[in-house]
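Since this is a predicted model, take the numbers as computed values, not measurements.
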Amino acid sequence: GWIATDDSGIVFFTEDGGSTWTKQYVGKNIQLRTISFTDANHGWICGDTGVVVHTTNGGISWQIQNTGTTTYLWCIDFVDSLHGFVAGGRYTDYSTVFLKTSNGGNSWNTQTPSWESLFYTSFINADTGWVVGRGGTILKTTNGGANWIDQSYQGLWMTDVYAMSKDTVYVFNPGINNNLLVSTNGGNDWLARKITINPPINTFNQSLTVVDVPNDNGKQVFIKWALHSSLVNSGITNFSIYRYDNVNGECGWTYLKDVSASNDTIYQTIVPTLFDSTITQGLIYSKFMVLGRTAVVSIYDTIGIDSGYSVDNLPPLAPTSGSVMRLQNGNIIVQWHAVPNSYGDFKEYVLYRSTQQNFALSLETRVASIQDTTYTDINTGGAKYYYKVTAKDYSGNESPELNIGTITGVEQETSQLPHAYSLEQNYPNPFNPSTQIQFSIKQTGSVLLKVYNLMGQEVETLVSQTMEPGTYTVQFNASSLASGMYFYRLQSGTYVATKKMLMIK
């Protein structure tokens, strides 16, 4: 047997009843539709763009046959090595095509009936056969397609037809009616047989529950369901969880995961949502359902649809270290170490300021919301300010605060410009966790002030900018560093100086 599959021109072949399969390739990347073999060597496959491929050696090699059309070919049926038929067309524009060959596909003749798009055909010999399609179309021919008899049934889509003999014919409609049409008199009359599957009865107890997963960074909910009794004799093998999504106007059920069935009567698992409920957007509900699966694909039981929402309730990591420096013009530069975006939802930093040391965070003390790690506080007028900074995510969660510090007594008179470069010893020293570092710049230029550990590894950049001549003091908060000896190094032009400092927690 053979299976034509996907849009890559792949065919699978078995000669042991399907226990093992060998991949074959038709030599053209096309969407394959239907396959027809008349013996172990001769076979044909139809597909998109009017393609028909043919093999005479059991699929080892394939040759393309010219059909004279470029439309979709949905079904091909050969009754012997010479006589074959193809049905096709585009249902989007109601086009239709029906082709016939009497020389094994070397040439094809168009014998298109004037009906809806055709999807499937089945012949019992070179003369007698049926073709079905859109709009309830069922057509019969007894002269190889030269003429057609209308045996249509209602207005349903017909996707499959199987002619077992000149009298017995089956036609399938997969729509909401789910009918199998049966004729025992060659299609003159049709009996509609409803195909119904009886799923397991009373598998689930009560309803599905959907609740947020606490203490996470969002987009996760608990799905919980209960059973009436153990599944030992129910036939349920696993549960499939689905979420109803609406993305850019495209709606549908998205498969999420499977949960294996056991002897338990209560099940719970974590599944993802697309969106979080936030303080700015309000509650955003997601719909879920669970299918209890059996070994037969078409037999299952369902619980749901039920809704719930996820919340991002885990704040981002807090900034761990920072510094404050007052410039000669009275502006204050505040900077801090960047926060790792561990949860993928970092939005911004929020900087606070007050003249009181142990002030509370509020709208009144908020200075700025920025994404950068450096902020210049302009026109402070020489006032003594204390600074704190937090990290904030898109759900409004705010991290614990970092107390960066303040500048005290470091104003340098502009008339007393330094005559040389200098780097002073930090004060206090030892310190915990903040200290001040004072330095003088002789002339305008680039200034770098960095902190290193005993291994020579850089742990913090306190200053990295062009500065005017003057004496400056930097407040360094080392809350994130471990106790021990550190070096701080100043570089400006050709001047380089390094000093030690000791932090004891």
Side-chain angles (χ1 to χ4, degrees), residues 3 5-7 12 18 21 31 33 119 156-160 170 172-181 192-214 216 218-277 283-312:
I3 298 176
T5 177
D6 74 30
D7 58 356
F12 288 96
W21 294 88
Q31 175 69 60
R33 297 294 180 183
F119 295 142
L156 307 175
W157 278 41
M158 307 300 179
T159 59
D160 301 87
Y170 299 93
F172 181 62
N173 155 246
I176 58 173
N177 292 286
N178 213 31
N179 284 322
L180 179 65
L181 304 181
R193 293 180 178 172
K194 186 73 172 181
I195 299 177
T196 58
I197 302 296
N198 295 321
I201 304 301
N202 294 328
T203 301
F204 296 101
N205 183 24
Q206 298 176 351
S207 62
L208 200 66
T209 59
V210 184
V211 296
D212 178 52
V213 176
D216 71 339
K219 294 188 178 180
Q220 293 187 118
V221 290
F222 280 116
I223 301 291
K224 184 177 181 180
W225 64 94
L227 312 178
H228 281 291
S229 60
S230 171
L231 295 175
V232 175
N233 298 317
S234 70
I236 298 292
T237 59
N238 62 283
F239 300 97
S240 298
I241 296 96
Y242 292 82
R243 182 188 64 224
Y244 190 78
D245 293 336
N246 184 345
V247 180
N248 298 325
E250 296 292 330
C251 301
W253 288 101
T254 300
Y255 166 79
L256 300 179
K257 66 188 296 187
D258 267 15
V259 176
S260 298
S262 65
N263 291 331
D264 298 325
T265 57
I266 297 178
Y267 293 80
Q268 180 171 272
T269 187
I270 294 177
V271 293
T273 64
L274 285 181
F275 307 99
D276 279 331
S277 297
L283 298 182
I284 303 177
Y285 284 86
S286 295
K287 297 179 181 179
F288 299 89
M289 70 174 177
V290 176
L291 272 59
R293 299 285 193 183
T294 68
V296 181
V297 175
S298 59
I299 302 178
Y300 56 87
D301 200 3
T302 306
I303 185 172
I305 305 169
D306 289 278
S307 301
Y309 57 86
S310 59
V311 178
D312 179 1

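- The closest side-chain heavy-atom distance from Trp225 to Ile241 is below 4.5 Å.
- Considering every non-hydrogen atom in both Asp212 and Val311, the closest pair reads OD1-N, 2.9 Å.
- You'll find the side chain of Thr209 stays beyond 4.5 Å of the side chain of Asp306, heavy atoms only.
- No donor-acceptor pair closer than 3.5 Å links the side chain of Arg243 to the backbone N or O of Ser286.
- Tyr244 and Trp253 have perpendicular rings, their planes meeting at more than 60° on a 0 to 90° scale where under 30° would count as parallel.
- Between Ile284 and Ser277 the shortest heavy-atom distance is N-OG, 2.8 Å.
- The shortest side-chain heavy-atom distance between Ile236 and Thr294 falls under the 4.5 Å cut-off.
- Under the 4.5 Å side-chain criterion, counting only non-hydrogen atoms from C-beta, Ser310 is not in contact with Gln220.
- For the atom pair OG1 (Thr237) and CZ (Arg293), the distance works out to 9.0 Å, reported to the nearest 0.5 Å.
- Residues Val221 and Val271 are in side-chain contact: their nearest non-hydrogen atoms beyond the backbone lie under 4.5 Å apart.
- Side chains of Ser260 and Tyr267 form no contact here, defined as non-hydrogen atoms less than 4.5 Å apart.
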Before you tell me yes or no, could you show the steps for Thr254 and Asp245 under side chain to side chain donor-acceptor pair (under 3.5 Å), namely the whole-Å CA-CA distance, both residues' side-chain angles and the distance that decides it to 0.1 Å?
CA-CA 7 Å; Thr254 300; Asp245 293 336; 2.6 Å; yes

Worked check of side-chain contact (heavy atoms from CB on, under 4.5 Å) between Ile305 and Tyr242:
CA-CA 10 Å; Ile305 305 169; Tyr242 292 82; over 6 Å; no

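- The shortest side-chain heavy-atom distance between Leu227 and Asn205 does not fall under the 4.5 Å cut-off.
- No side-chain heavy atom of Lys224 sits under 4.5 Å from any side-chain heavy atom of Val211.
- With sequence neighbours excluded, no residue satisfies salt bridge (charged side-chain N to carboxylate O under 4.0 Å, His left out) with Asp160.
- A side-chain donor from one of Asp258 and Ser240 sits under 3.5 Å from a side-chain acceptor of the other.
- Atom OG1 of Thr273 sits about 12.5 Å away from atom OH of Tyr309, to the nearest 0.5 Å.
- The 12-atom threshold is not exceeded at OH of Tyr170, counting heavy atoms of other residues, nucleotides or ligands nearer than 6.0 Å.
- Ring-plane geometry between Phe239 and Phe204 is classed as tilted, the angle between the planes lying from 30 to 60 degrees on a 0 to 90 degree scale.
- Taking CZ of Phe288 as the start and CG of Leu256 as the end, the distance is 6.5 Å to the nearest 0.5 Å.
- A pairwise comparison of heavy atoms in Thr269 and Lys257 identifies OG1-NZ, 2.7 Å as the closest pair.
- With rounding to the nearest 0.5 Å, the separation of CG in Asp301 from CG in Leu291 is 8.5 Å.
- Considering all non-hydrogen atoms of both residues, Leu181 and Met158 come closest at CD1-CE, 3.6 Å.
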